[in-house]
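Read through the structure below, which is laid out as structure tokens, and then see the notes.
Keep in mind that the numbers below use all heavy atoms, side chains included, and drop hydrogens, waters and symmetry copies.
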Amino acid sequence: MTATSTAEKPKGLGILRAAFTDRRTLAMLLLGFSAGLPFVLVTGTLNAWLTAAEVTASTIGVLSWVGLAYAFKFLWSPAMSSKLPVIGRLGRRRGWMVTLQFIIAAALMVVATSHPEAPGGVAAMAAAAALAAFASATQDIVIDAWRIEVAGEGAPIDLLSSIYQFGYRIAALAGAAGALLLAAAIGWPGVYVVGALLMGLGLVGSLIAPEPEPAPQLAVQQERRGSDRLRNIALIAVLAGWAWAAFQIIQFMVRALTEAEPPSAGEFTSSTGPWIIAAAVLLPCALAAFISQKSTTAAAAGSSILDTLYDRILAPLTELMGRLKGAAILVLALILSYRLTDSIWGSFAYPFYMGAEGGALGHTLVEVALASKTFGVIVTILGIALGGWMLLTLGRMATLTLGAILAALTNLLFADLAMGAPVIGGFMQATGLYGLFGVFGVGEPMARLMLAITGENLASGIAGTAFVAYLSALSSRMFGAVQFAVFTSLALLIGTLGRAPLGEMIDQQGFAPVFVIAAWLGSIAVVFCVLEWIRESRSQRALPGDTAPTAPSE
């Protein structure tokens with residue numbers, strides 16, 4: 001990226017105008033929409049339908065595990081490099097995108113025909129939602145690869161990334177606020193029929209997208225360390241661990257949604273959850289750290305299937321562990337815990353806003369659409385802008401730490417709401433904010449909700465911006481795309497696994513204790529941020545004459 005291209009990067013609505021100046025940028029806008037829509041419909045909006053159908057919070061927590069497809073999507077990413085038969089004539093990337101968009105649309109149509117209030121209806125809906133989530137996560141892999149490969153003069157990567165985010169945000173607004181308003185008018189089945197039809201925009205994007213040339217396999221092979229036998233044993237062990245973890249999760253979900261007396265999510269998470277994390281995260285990192293200590297072997301002229309899998313799965317981790325050395329433990333702990341406070345209760349936002357028990361607020365679909373999915377999105381964008389300003393003025397680690405503190409503390413706002421808003425209500429009464437909201441026709445319950453959302457979404461925007469900056473600095477240039485995907489997947493893992501037992505807690509104790517626990521969990525990330533800040537400061541002092549920000553290193 002040159003200085004000129006950076007200076008000419010459009011901002012605001014200029015990004016939308018730029019999307020119509022090039023075939024690649026227009027395709028990127030439509031593909032961004034295609035990526036964002038199924039994600040919000042399956043992992044967020046679906047919970048509003050389940051809440052309206054009076055499905056319990058514990059069941060919603062188990063069903064939210066379909067989002068693990070996004071946390072584990074890096075597992076099957078190597079398969080996306082192959083060309084599909086027949087439809088592969090469209091190209092390696094375009095063939096996959098078209099196929100996946102049809103699968104997503106078909107799965108959303110099945111969701112539309114589901115009846116969660118009927119016996120066995122939730123299980124049928126879960127199966128269709130899981131298929132949609134898997135296809136959507138796979139589509140993300142292909143779109144990310146296409147964006148990186150097609151970037152060039154006239155459509156640099158930063159412009160394509162900005163347009164992708166713009167399309168994704170439009171889809172998030174349509175799939176959240178738009179879906180809630182539409183549900184109030186035509187019902188939930190109609191929402192998912194419309195969602196399936198809107199996937200046609202992604203299909204148009206795939207058809208007009210130019211097919212990129214396959215990237216040459218050069219530098220990646222140079223990261224092969226140790227003997228072929230050592231690499232193959234490590235790779236097979238990692239694949240076996242991942243397969244076992246996936247089997248355990250799928251088996252529990254099937255039992256929880258189909259058996260008359262479902263097993264306890266809390267017991268599963270406490271007994272099997274640590275082993276799943278060990279198999280999915282700790283084992284690959286430990287093996288990668290061991291291999292990184294070995295000398296580099298000469299790259300073979302040809303590559304076997306195992307070599308290819310190693311290059312795509314373990315080589316990025318091997319490079320990372322070799323660069324971080326002992327600091328890898330701290331870095332991985334920070335990544336695993338940083339967004340935990342947000343991700344662990346995200347699936348219960350709709351039950352909290354719309355439910356009527358356990359401290360829930362009892363708002364209508366329209367009220368939630370306006371407060372959370374319209375006003376809240378605007379506040380999040382403001383938080384992102386504020387986070388960007390803080391990165392420039394305070395620095396990356398200061399912003400990361402402050403974001404973790406704010407993300408933890410703002411959970412207490414929702415805990416206060418769940419207890420009848422004694423603090424928020426008193427504050428708004430004393431400051432006259434009730435009167436200010438009343439000028440715009442907003443009643444006291446909605447005013448309290450909007451104030452809590454303001455705090456939480458500002459904190460989320462700041463924390464999210466700082467976290468992306470940290471992960472970007474952590475990723476190497478050679479394996480940037482793969483390592484970033486692994487990092488973001490890990491950030492979702494523990495929070496997603498924790499949702500099922502959290503749902504059981506809501507059913508038993510109400511919402512207030514959950515938000516207090518989320519605040520305490522957020523304090524774990526604060527501790528790791530401070531430790532990482534100290535480590536980075538020491539690393540910088542150990543590099544004389546180097547005052548520019550660098551990626552975290554040992």
Side-chain angles (χ1 to χ4, degrees), residues 31 33-47 50 60-82 84 87 93 95-114 122-146 168 171 175 192 195-196 198-199 202-203 206 239 241-258 276 279-280 312-313 343 346-347 482 485-486 488-493 495-497 499-500:
L31 292 174
F33 185 92
S34 178
L37 186 65
F39 177 82
V40 70
L41 287 178
V42 170
T43 64
T45 304
L46 190 63
N47 298 324
L50 294 171
I60 292 175
V62 173
L63 187 55
S64 72
W65 279 2
V66 300
L68 285 171
Y70 297 93
F72 286 112
K73 65 183 180 181
F74 63 92
L75 303 186
W76 56 89
S77 58
M80 299 301 101
S81 296
S82 59
L84 287 171
I87 200 168
R93 301 302 184 197
W96 273 110
M97 286 190 285
V98 169
T99 301
L100 292 166
Q101 284 153 3
F102 273 111
I103 294 174
I104 294 169
L108 292 178
M109 289 295 289
V110 175
V111 171
T113 61
S114 302
V122 173
M125 176 180 281
L131 176 60
F134 177 81
S136 174
T138 308
Q139 180 190 222
D140 288 351
I141 297 170
V142 181
I143 291 176
D144 288 341
W146 179 86
Y168 198 98
Y192 282 82
L198 286 176
M199 287 303 299
L203 180 61
S206 299
L239 293 176
W242 284 346
W244 176 85
F247 173 77
Q248 294 297 322
I249 292 170
I250 293 172
Q251 180 188 49
F252 176 81
M253 285 187 66
V254 171
R255 291 182 59 200
L257 296 174
T258 58
I276 291 175
R312 294 182 179 274
I313 294 174
S343 62
S347 294
V482 175
V486 172
T488 53
S489 295
L490 294 181
L492 293 172
L493 180 59
T496 305
L497 282 174
R499 290 173 184 170

Measure up the Tyr168 and Phe39 rings against each other and bin them: parallel (under 30°), tilted (30 to 60°), perpendicular (over 60°).
tilted
Which atom of Leu41 lies closest to which atom of Gly195, heavy atoms considered
CD1-CA, 4.0 Å
How long is the gap from CG on Leu198 to CG on Leu37, to the nearest 0.5 Å?
6.0 Å
Distance from Thr138 atom OG1 to Leu100 atom CG, nearest 0.5 Å?
5.5 Å
Could you tell me which non-hydrogen atom of Pro38 sits nearest to which non-hydrogen atom of Ile104, and how far apart they are?
CB-CG2, 3.7 Å
Is there a side chain to side chain contact (heavy atoms under 4.5 Å, CB included) between Phe134 and Ile103? Walk through the geometry before answering.
CA-CA 10 Å; Phe134 177 81; Ile103 294 174; over 6 Å; no
How close do Ala171 and Gly36 get, counting heavy atoms only, and between which atoms?
CB-C, 3.7 Å
Step by step, work out the side-chain hydrogen bond (donor to acceptor under 3.5 Å, both in side chains) result for Thr113 and Tyr192.
CA-CA 9 Å; Thr113 61; Tyr192 282 82; over 6 Å; no
Heavy-atom pair of closest approach, residues Val40 and Gly175
CG1-CA, 3.6 Å
Please report the closest heavy-atom contact between Gly202 and Leu31, naming both atoms and the distance.
O-CD2, 3.8 Å
Side chain proximity check, Trp244 to Gln248, heavy atoms < 4.5 angstrom:
yes
Interatomic distance, CE@Met199 vs CZ@Phe33, rounded to 0.5 Å, equals 8.5 Å
Run the side chain to side chain donor-acceptor pair (under 3.5 Å) test against Thr45 and tell me which residues pass, sequence neighbours left out.
none
Quick check: closest heavy atoms across Thr43 and Tyr70, and the distance to 0.1 Å?
CG2-CE1, 4.0 Å
Quick one: pull up OG in Ser114 and CE in Met109 and give me the separation to the nearest 0.5 Å.
11.5 Å
